[in-house]
Structure formats: C-alpha cells, structure tokens
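Bear in mind the structure is a predicted one, so any value in this text is a computation, not a measurement. Just so it is clear, the values below take in all heavy atoms, side chains as well, and ignore hydrogens, waters and symmetry mates. The sequence lines fix the lettering, A, B, ..., with proteins before strands; numbering per chain opens at 1.
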There are 2 protein chains.
Amino acid sequence: MMQISSRFTLAVHIFACIDTFGNEYKVTSDFLSKSTNVNPVIIRKILGQLKGAGLLKVTRGAGGAAAARPLHEITFLDIYRAVECIEGGELFHFHENPNPACPVGMNIHFILDDKLLRIQNAMEKELASITLADLKKDTEKYLNQETM
Amino acid sequence: MMQISSRFTLAVHIFACIDTFGNEYKVTSDFLSKSTNVNPVIIRKILGQLKGAGLLKVTRGAGGAAAARPLHEITFLDIYRAVECIEGGELFHFHENPNPACPVGMNIHFILDDKLLRIQNAMEKELASITLADLKKDTEKYLNQETM
DNA sequence: TCAGTTGTAAGCATAAATATTACAACTGAC
DNA sequence: GTCAGTTGTAATATTTATGCTTACAACTGA
C-alpha cells in the first residue's frame with residue numbers, strides 16, 4: 001500500500017474545524033477527536049507538529065487551537081511538510097544497498113534521482129498551490145448547502 | 001514516514017538491468033537479486049506484477065526477463081501502477097470514520113477529495129512523462145562515463 | 001483552589017514491507 | 001528421458017510505522 005499517512009488529511013480536517021467553529025467554540029483536542037473520530041492523543045501530537053511548524057497556536061492549560069497566520073499564507077505544502085516527517089523529505093523509498101560491483105547498481109542513483117525529484121516537485125508544486133483560504137471557501141460552500 | 005515503497009525503484013532498476021545486460025546475459029531473478037541486493041523471492045514477486053501488467057515477459061523454466069513492448073511505450077506511471085497495489089490507486093490515506101454528526105466531519109470528503117485528486121494527478125502526469133527510453137539513454141550515459 | 005486542558009511517556013495492537021526457507025512445476029540442453 | 005537451473009508460490013519471521021490507550025505531570029483561567 002504505502003500511502004501518505006492520514007496525519008495529512010487529519011491536519012486539514014483540524015484546520016477546517018478551526019475555520020468553522022473557531023469563533024463559536026474552543027477547539028480542543030477532545031473536540032477534534034470527536035469530529036475526526038481519532039484518539040485525542042494522536043490529535044495532540046499533530047497539533048504539536050503544526051505548532052512546531054508555526055502554522056497554529058495551541059493554548060496550553062486553557063485549551064484550544066487557532067491558526068497562527070492569515071489563511072491565504074498557509075498552504076497544503078506547509079501542512080504536508082509539518083506532519084509528514086520523512087527523512088530528507090523524500091517521497092520515494094530506495095532499496096538500501098544496490099551492488100557497487102554492478103555497473104547498474106553503482107549508478108542507479110545517478111540515473112534515477114533527478115527523475116524522482118522531478119516527480120516529487122510536480123506533486124509539491126500542486127500542494128503549494130492550495131491554501132487554507134481555498135479550504136475555508138469550499139467548507140463554507142458545503143456547510144451552506146446543508147442549511148438550505 | 002510513509003514513502004512510496006521501494007518496489008517502484010526496484011522495478012526501474014530491473015528494467016535498467018534488462019536494458020544493459022539483456023543482450024549479453026540471461027536476466028534471472030538471481031542475477032537481479034545480486035545487482036539490487038534484494039532477496040530473489042521479492043524480485044520474482046515484482047517480476048510477476050510487471051508481467052501481469054504486460055510490461056515484461058518472464059520465461060518460465062529456462063529463466064530470464066525481457067521488456068514486452070518498445071521502451072518508449074513503457075512509462076514510469078505504468079510501472080508505478082503495476083507494483084504499487086494501492087486500493088483504488090489513491091495516494092492519500094484518509095482517517096476512516098469522520099463523525100457524520102459533525103458538519104465538518106460529514107462533509108470532509110466533499111471538501112477535500114477534489115483537491116487530493118488534483119495533487120495526485122499532477123504527480124501521475126509527471127510519472128507518465130518519463131519512459132524507459134529515457135531511462136536507457138541516461139543509463140548508457142553513466143555507464144560510458146565509467147568506461148572512459 | 002480546582003476543573004479542564006496540553007504535552008509526553010510507555011505499552012500494546014495492527015498492518016505492510018521485506019527476508020527467508022521450502023518446494024512443486026516447468027524448460028532447454030544434453 | 002534426465003537433470004540442472006529457474007519460476008511461481010506458500011508459509012513464516014522480522015522489522016518498522018501507525019495508531020490506540022492509559023496515565024500523569026504541568027499549566028491556565030475562572
């Protein structure tokens with residue numbers, strides 16, 4: 001399988017909750033746990049990662065999370081990088097010890113690395129093109145459909 | 001972490017070996033095991049996936065693998081899809097049971113799915129733009145550097 | 001002071017990847 | 001026809017990451 005972990009969609013879900021409920025309610029890990037149906041400790045860990053990346057603020061003691069920057073200045077790429085703690089940020093996992101005595105084995109990184117990077121860049125460029133302002137707009141769209 | 005599994009880079013490595021050694025040697029799972037330093041049973045499993053996708057032919061009994069189509073008609077996307085057996089082909093893993101009683105939880109898929117798809121499409125488009133002909137060209141480039 | 005909350009550690013359960021052993025079935029050369 | 005070499009596949013083990021859960025110290029605002 002090997003998909004991008006659900007921490008990413010969880011993090012986006014968290015921001016959608018902050019957008020939607022932030023003014024009315026205190027958005028705590030317990031609140032988010034109920035909306036996502038994910039354990040509050042996991043939520044707190046993700047909140048910590050997002051906080052560490054400067055994307056949101058978490059109020060210790062009193063509780064509650066809020067965005068740390070204007071929404072159009074937070075991209076999906078920021079979120080992806082905050083929660084997807086990949087060594088060196090590399091999307092593709094390589095087999096570890098290709099044979100240095102084989103002409104192909106010894107050169108496989110020279111042959112492949114630039115191509116893999118191109119692919120990863122294409123994905124990250126698209127991630128960077130989506131902001132939390134877009135998310136909020138669409139969230140409101142669907143929530144209003146409910147109300148009607 | 002959650003990277004794309006090394007089966008993909010392994011599969012590309014396999015094709016690089018076929019390109020380079022296919023005329024001179026019989027490219028068996030044992031041969032490939034030595035070049036990649038990966039267990040021959042794993043190699044055979046990947047060979048089976050590539051064969052199943054119609055990308056190469058494996059000679060039973062006698063042994064050996066070879067490309068099943070002209071190299072410029074095999075893309076990295078073909079290989080990716082052959083070996084990355086993701087349910088529904090989705091790059092992003094979603095938290096399973098968002099709360100249907102929460103306005104955000106009940107709509108999170110409507111809000112997010114199109115955006116995730118855009119990101120995945122960007123990546124797959126780049127995967128599709130690289131063919132095994134490109135791979136062979138670069139492989140020869142680096143191997144010739146060795147010889148000089 | 002105290003109820004509610006965050007941050008974090010520790011242990012467990014689950015899932016996927018990869019390694020490994022084993023062996024039946026197959027093929028081509030002799 | 002035999003046989004060495006190979007593929008296909010099953011079964012098991014190991015490793016690694018994820019996510020769940022319990023627990024609790026530290027913190028904050030009322």
Side-chain angles (χ1 to χ4, degrees), chain A residues 1-11 13-14 17-18 22 25-34 36-53 56-66 68 83-87 90-98, chain B residues 1-11 13-14 17-18 25-34 36-53 56-66 68 80 83-87 90-98:
Chain A
M1 250 211 274
M2 273 298 183
Q3 298 168 293
I4 288 165
S5 110
S6 66
R7 280 194 304 274
F8 176 72
T9 55
L10 275 172
H13 189 139
I14 285 171
C17 281
I18 291 174
Y25 303 97
K26 192 167 60 170
V27 181
T28 66
S29 63
D30 211 59
F31 182 101
L32 291 165
S33 170
K34 285 180 180 114
T36 57
N37 207 22
V38 164
N39 192 282
V41 177
I42 305 295
I43 299 290
R44 291 206 283 273
K45 196 187 161 196
I46 294 171
L47 288 176
Q49 291 176 306
L50 295 171
K51 186 174 99 175
L56 54 70
K57 288 176 183 169
V58 183
T59 318
R60 174 135 216 206
V83 300
E84 214 61 33
C85 34
I86 293 175
E87 55 194 73
E90 290 182 356
L91 180 60
F92 291 92
H93 182 35
F94 234 101
H95 44 299
E96 308 278 344
N97 304 309
Chain B
M1 252 215 271
M2 272 301 182
Q3 296 168 295
I4 287 165
S5 109
S6 67
R7 279 195 304 275
F8 176 71
T9 55
L10 275 172
H13 189 138
I14 285 171
C17 281
I18 290 173
Y25 303 97
K26 193 167 61 170
V27 181
T28 65
S29 63
D30 212 59
F31 181 101
L32 292 165
S33 170
K34 284 181 182 114
T36 57
N37 207 21
V38 164
N39 193 283
V41 177
I42 305 296
I43 300 289
R44 291 205 282 272
K45 196 186 162 198
I46 294 171
L47 287 176
Q49 292 176 306
L50 295 172
K51 186 175 98 174
L56 53 71
K57 289 175 182 169
V58 183
T59 318
R60 175 137 214 205
Y80 174 78
V83 300
E84 214 60 35
C85 34
I86 294 175
E87 56 195 70
E90 289 181 357
L91 181 61
F92 291 92
H93 182 33
F94 234 102
H95 44 298
E96 308 279 344
N97 304 308

J.: To the nearest Å, how far apart are Leu50(B) CG and dG8(D) P?
T.: 11 Å
J.: Name the residue closer to the 5' end of DNA chain D, choosing between Asn37(A) and Val27(B) according to the nucleotide with the nearest heavy atom.
T.: Val27(B)
J.: Counting only side-chain heavy atoms from C-beta out, which of dA22(C), dG19(D), dT6(C) sits nearest to Arg44(B)?
T.: dA22(C)
J.: OP1 or OP2 of dG7(C) versus the side-chain N and O atoms of Lys51(A): is any pair under 4.0 Å?
T.: yes
J.: Between residues 59-66 of chain B and DNA chain D, which residues have a heavy-atom gap below 4.0 Å?
T.: Thr59(B), Arg60(B), Gly61(B), Ala62(B), Gly63(B), Gly64(B)
J.: Rounded to the Å, how far apart are Phe31(B) CZ and dT7(D) C1'?
T.: 17 Å
J.: Taking CD1 from Ile4(A) and P from dT18(D), how many angstroms apart are they, rounded to a whole number?
T.: 12 Å
J.: Can you figure out which of dC20(D), dT18(C), dT20(C) approaches the side chain of Ile42(A) most closely?
T.: dC20(D)
J.: Could you work out which one of dG8(D), dT6(D), dT18(D) sits closest to the side chain of Ser5(A)?
T.: dT18(D)
J.: Measure the spacing between NE2 of His13(A) and CZ of Phe94(B) and express it to the nearest 0.5 Å.
T.: 8.5 Å
J.: Does Asn37(A) have any side chain to side chain contact (heavy atoms under 4.5 Å, CB included) partners at least two apart in sequence or in another chain, and if so, which?
T.: Asn97(B)
J.: Using the side chain to side chain contact (heavy atoms under 4.5 Å, CB included) criterion, which residues pair with Ala53(B)? Sequence neighbours excluded.
T.: Leu55(B), Ala82(B)
J.: Quantify the bending of the helix from dT1(C)-dA30(D) to dC30(C)-dG1(D) as the angle between its end axes, each fitted on five pairs, to 10°.
T.: 20°
J.: Please report, rounded to the nearest Å, how far the C1' atom of dA17(C) is from the CZ atom of Phe8(B).
T.: 17 Å
J.: Is the phosphate of dT20(C) approached by Asn39(B) (side-chain N or O, under 4.0 Å from OP1 or OP2)?
T.: yes
J.: For Lys57(B), which residues count as a side chain to side chain contact (heavy atoms under 4.5 Å, CB included) partner, sequence neighbours excluded?
T.: Ala68(B)
J.: Take atom CG of Leu10(A) and atom P of dT18(D), then tell me their distance rounded to the nearest Å.
T.: 12 Å
J.: I need the NZ-P distance between Lys45(A) and dT6(C), as an integer number of Å.
T.: 17 Å
J.: Indicate, with a heavy-atom threshold strictly under 4.0 Å, whether Val41(A) touches base, sugar-phosphate, or nothing.
T.: base
J.: Grab the CD-P distance between Gln49(B) and dT9(D) for me, whole Å please.
T.: 12 Å
J.: What is the distance, rounded to the nearest whole Å, between atom CZ of Arg7(A) and atom P of dA17(D)?
T.: 11 Å
J.: Would you please name every residue forming a side-chain hydrogen bond (donor to acceptor under 3.5 Å, both in side chains) with Lys45(B), sequence neighbours left out?
T.: none
J.: Taking C-beta and beyond as the side chain, do Ser5(A) and His93(B) meet within less than 4.5 Å on heavy atoms?
T.: no
J.: Which residues pass the side chain to side chain contact (heavy atoms under 4.5 Å, CB included) test with Lys26(B), not counting sequence neighbours?
T.: Thr28(B)
J.: Could you label the plane-to-plane angle of the Phe31(A) and Tyr25(A) rings as parallel, tilted or perpendicular, counting under 30° as parallel and over 60° as perpendicular?
T.: tilted
J.: Would you say Ser29(A) places a side-chain N or O within less than 4.0 Å of OP1 or OP2 belonging to dT5(C)?
T.: no
J.: Can a side chain N or O of Ser6(B) be found less than 4.0 Å away from OP1 or OP2 on dT18(C)?
T.: yes
J.: Holding to side-chain hydrogen bond (donor to acceptor under 3.5 Å, both in side chains), I want the full list of residues that pass it with Ser29(B), two or more places apart in sequence or in another chain.
T.: Arg44(B)
J.: For Thr9(A), check side-chain hydrogen bond (donor to acceptor under 3.5 Å, both in side chains) against everything at least two apart and list the hits.
T.: His95(B)
